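Below: one structure, written as structure tokens.
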Amino acid sequence: MDADDTGAPAGWGPVPGLDRRERDILALERRGFSGPGAKERAIREELGLSPVRYYQLLNALLDDTRALAHDPVTVNRLRRVRDSRRSER
């Protein structure tokens, strides 16, 4: 399935309420990154955010039902990772 300009698979329209930056954050999380620092560089260059701010916004998105409706696979995967890290503490 091809992706549209938001990075979402074709056929997935914008979810009402999710703004462009929120959709872009989820799209970036769907991508794979090779090598150390590649993701942080993409965060800065493509989104214009510091990595700290990016992860703050991403964490809030994981609890947002609009994000879950937009990209359930990515949001559920990231929720599992977050829950696993919390249980390790």
Side-chain angles (χ1 to χ4, degrees):
M1 199 176 245
D2 293 333
D4 65 14
D5 67 333
T6 66
W12 289 14
V15 174
L18 275 185
D19 65 26
R20 175 68 184 221
R21 180 171 66 176
E22 291 167 329
R23 292 190 311 266
D24 289 347
I25 288 170
L26 291 174
L28 194 121
E29 283 300 317
R30 282 193 298 275
R31 293 171 33 195
F33 293 93
S34 61
K39 184 175 183 179
E40 287 74 15
R41 188 170 42 257
I43 290 167
R44 289 182 190 282
E45 292 175 1
E46 296 175 25
L47 301 177
L49 296 169
S50 72
V52 169
R53 182 65 180 142
Y54 171 84
Y55 287 110
Q56 289 171 338
L57 294 169
L58 175 61
N59 195 48
L61 268 175
L62 296 183
D63 296 324
D64 191 325
T65 56
R66 297 169 306 140
L68 183 61
H70 178 72
D71 191 347
V73 172
T74 301
V75 171
N76 283 324
R77 176 180 55 83
L78 294 170
R79 284 178 175 179
R80 284 191 303 272
V81 170
R82 180 179 68 178
D83 292 345
S84 172
R85 289 182 178 156
R86 284 181 177 169
S87 68
E88 292 175 1
R89 293 180 190 169

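Not measured: the values here are computed from a predicted model. For this chain, numbers begin at 1 and follow the sequence in order.
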Is the backbone of S84 close enough, under 3.5 Å, to the side chain of S87 for a donor and an acceptor to pair up by distance?
yes
Between R21 and L47, is there a donor-acceptor pair closer than 3.5 Å when you use the side chain of the first and the backbone of the second?
no
Atom CG of L18 and atom CD1 of I25: how far apart are they, to the nearest 0.5 Å?
10.0 Å
Separation between NE2 of H70 and OG1 of T65, rounded to the nearest 0.5 Å:
13.5 Å
Charged N to carboxylate O under 4.0 angstrom, D19 versus R23?
no
Counterpart residues, side chain to side chain donor-acceptor pair (under 3.5 Å), relative to [X] (two or more places apart):
X: R31; value: E46
X: D83; value: none
X: R82; value: N59, D63

Check whether any side-chain heavy atom of [X] lies under 4.5 Å from a side-chain heavy atom of [Y], and answer yes or no.
X: V75; Y: R79; result: yes
X: L28; Y: K39; result: yes
X: L61; Y: L26; result: yes

Is there a path of hydrophobic side-chain contacts, each under 4.5 Å between heavy atoms, that joins F33 and L57?
yes
Tell me which donor-acceptor pairs under 3.5 Å the side chains of residues 49-56 have, and how far apart each pair is, sequence neighbours excluded?
from, atom 1, to, atom 2, distance (Å)
S50, OG, R53, N, 3.2
R53, NH1, Q56, OE1, 3.3
Y54, OH, E29, OE2, 2.5

Apply side-chain contact (heavy atoms from CB on, under 4.5 Å) to the pair R66 and E22, showing each step before the final yes or no.
CA-CA 10 Å; R66 297 169 306 140; E22 291 167 329; 3.6 Å; yes
